[in-house]
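Structure record follows, encoded as structure tokens.
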Amino acid sequence: MATEAKVNPMYQFTIEPLAGTNGWEIAGYNIAFTNSALWMLITTVVLTLFVAGGLRRQLVPGRWQMMVETFTGFIDGMLEANVGKAGRAYVPYVFSLFMFILFANLLGLLPLGLVGVHPFTFTSHFTVTGVLAVLSFSIVLIVGFRRHGLHFFSLFVPQGTPIWLIWLIPVIELISFMIRPFSLALRLFVAMMAGHVLLEVLSSFVIDSGNSGLLWGGIVGLPSFLLMIGIGALELLVSGIQAYVFALLTSLYINDAENLH
Amino acid sequence: MPQIAQLAETYSSQIFWLLIFFGFTFFVIGRGMVPKVMATVEARDAQISSDLAAAQAARDEADRQEEAWRLRENANRADAQAVLAKAKADAAAKTEQRLAKAQVKIDARLTEAETRIAASRETAMSEVETVAAEAAQDIVQRLAGVKVAKPAAAKAVKESMVNG
């Protein structure tokens with residue numbers, strides 16, 4: 001009984017197959033439609049509705065169209081600033097990446113627990129962020145080798161490297177290059193998970209202290225609740241920042257592939 | 001930590017559904033909708049810049065017209081000024097000419113009058129002398145009974161007149 005009443009702050013990350021899809025398989029690989037997949041679906045639908053709403057193509061934009069155009073202009077400007085004219089070609093990918101992560105983060109923060117639905121933030125799973133990071137990394141590799149061929153390896157020898165360091169610098173550069181997908185994936189996954197755990201822990205403080213009476217509720221519960229409000233706002237910020245960082249780093253890496261050093 | 005604890009059983013479904021939905025996002029939204037949105041923005045920017053260019057051209061044209069009008073106006077004013085000055089100068093020259101003519105006439109009449117005056121004075125003078133000589137002859141004859149010749153009398157008169 002005691003163990004059941006205890007709130008497990010990690011439980012929110014549990015993946016559960018929905019509606020008997022547990023047995024779905026392709027070539028022996030399980031592809032159950034889980035709560036994670038459901039929130040990917042919701043994210044995709046909301047994002048599609050959002051962008052489609054801005055597709056009215058009016059000369060004088062309404063508010064919705066203005067919002068969507070602000071986002072595309074933001075991504076376009078970021079790629080233009082980091083990659084240059086060639087960056088235009090990557091707007092569809094980086095826009096999809098940014099908006100997908102942003103909407104996933106924000107939707108995962110919705111306080112739907114109040115009505116009994118459990119929001120699931122799939123960006124707090126490194127399998128998901130890992131796939132996105134690998135996608136970005138593969139694009140960098142493909143573009144780099146297609147545009148520069150084997151010359152792409154000169155990325156590991158920055159200009160001005162002293163001759164006597166030629167045995168060391170490429171090794172360091174190679175390691176820092178290979179570590180990129182991991183840092184991309186882990187940054188987003190850790191940031192999202194940490195925020196959600198913190199909110200969960202604080203909410204368990206509020207509930208537990210509230211259950212044990214007015215005194216503890218006032219001393220522990222109320223400050224925790226106020227802190228939750230602040231951290232909730234901070235998490236909204238983090239959602240945007242992490243999506244931005246992911247897109248920004250992707251565009252920086254694309255710049256390496258497009259323009260070398 | 002479910003992310004690790006469930007890794008073996010869920011990784012394939014996670015990857016599969018992520019690729020499905022992110023792929024949809026990329027191809028339908030990123031490839032399909034975003035270029036249209038950006039084309040709209042571009043069309044609007046082009047429209048705005050062309051409108052601005054047209055406005056600028058119209059403004060330049062207006063400036064040019066105004067400049068031309070100003071030049072024409074200045075030329076007209078200068079012409080008018082020149083006509084005016086010429087008329088003034090003509091009038092002044094004509095006046096001067098007439099003044100000079102009148103002056104010449106007046107001068108001529110003045111000199112003529114002066115010569116006339118001088119001539120009449122001369123005659124008057126000589127008449128006075130003659131009269132004086134005759135008077136002197138007469139006076140001498142009556143007083144002294146001496147008949148004085150006319151030239152002598154005239155000479156005496158002249159002397160006294162010069163000395164007198």
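Just so we're on the same page: letters track the sequence lines, and every chain starts at 1. Keep in mind that the numbers below use all heavy atoms, side chains included, and drop hydrogens, waters and symmetry copies.
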Under 4.5 Å from any heavy atom of chain A - which part of [X]:
| X | value |
| --- | --- |
| B:Ile48 | neither |
| B:Phe24 | side chain |
| B:Gln47 | side chain |

Point to revise | Criterion side-chain contact (heavy atoms from CB on, under 4.5 Å) on A:Leu38 and B:Trp17, from CA distance to verdict | key: CA-CA 9 Å; A:Leu38 174 68; B:Trp17 290 111; over 6 Å; no
**Study point:** Derivation and outcome, side-chain contact (heavy atoms from CB on, under 4.5 Å), residues A:Leu132 and B:Leu18
**Key:** CA-CA 9 Å; A:Leu132 293 176; B:Leu18 177 67; 4.1 Å; yes
Point to revise | Largest heavy-atom contact set with chain B, pairs under 4.5 Å, which of A:Val45, A:Leu135, A:Thr72 | key: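 The candidate making the most pairs under 4.5 Å is A:Thr72.
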Practice item. Flag the one option from A:Phe122, A:Phe189, A:Phe71 with the top tally of heavy-atom pairs under 4.5 Å to chain B. Key: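 Ranked by heavy-atom pairs under 4.5 Å with chain B, first place is A:Phe189.
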In terms of heavy-atom contacts, does [atom1] of [X] have more than 12 from other residues, nucleotides or ligands at under 6.0 Å?
| X | atom1 | value |
| --- | --- | --- |
| B:Glu122 | CD | no |
| A:Met66 | CE | no |
| A:Phe74 | CZ | yes |

Check your understanding: What are the two closest heavy atoms between A:Pro92 and B:Gly30, and how far apart are they?
Key ->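 So the minimum-distance heavy-atom pair works out to CB-O, 3.2 Å.
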Practice item. Taking all heavy atoms of A:Ala32 and all of B:Ser13, pick out the closest pair and write down the distance. Key: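 A:Ala32 and B:Ser13 have their closest heavy atoms at O-OG, 3.3 Å.
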Review point. Which value, rounded to the nearest 0.5 Å, describes the distance between A:Phe50 atom CZ and B:Ile29 atom CD1?
Key: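 Here the rounded value is 10.0 Å.
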Checking [X] against chain B: side chain, backbone, both or neither under 4.5 Å from a heavy atom?
| X | value |
| --- | --- |
| A:Met193 | side chain |
| A:Phe95 | side chain |
| A:Phe13 | both |

Exercise for review: Flag the one option from B:Val34, B:Leu19, B:Ile20, B:Val28 with the top tally of heavy-atom pairs under 4.5 Å to chain A.
Suggested key: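 Of B:Val34, B:Leu19, B:Ile20, B:Val28, B:Val34 has the most heavy-atom pairs under 4.5 Å with chain A.
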Review point. Between B:Tyr11, B:Phe27, B:Phe22, B:Phe16, which has the largest tally of heavy atom pairs under 4.5 Å with chain A?
Key: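 Ranked by contacts with chain A, first place is B:Phe22.
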**Study point:** A:Gln65/B:Thr40 under side-chain contact (heavy atoms from CB on, under 4.5 Å): CA gap, chis, key distance, verdict
**Key:** CA-CA 10 Å; A:Gln65 194 183 340; B:Thr40 311; 3.6 Å; yes
**Study point:** Test: A:Glu69 and B:Lys36 ion pair at under 4.0 Å
**Key:**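 No salt bridge links A:Glu69 with B:Lys36.
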Practice item. Could you walk me through whether A:Val68 and B:Met33 pass side-chain contact (heavy atoms from CB on, under 4.5 Å), step by step? Key: CA-CA 10 Å; A:Val68 176; B:Met33 297 180 178; over 6 Å; no
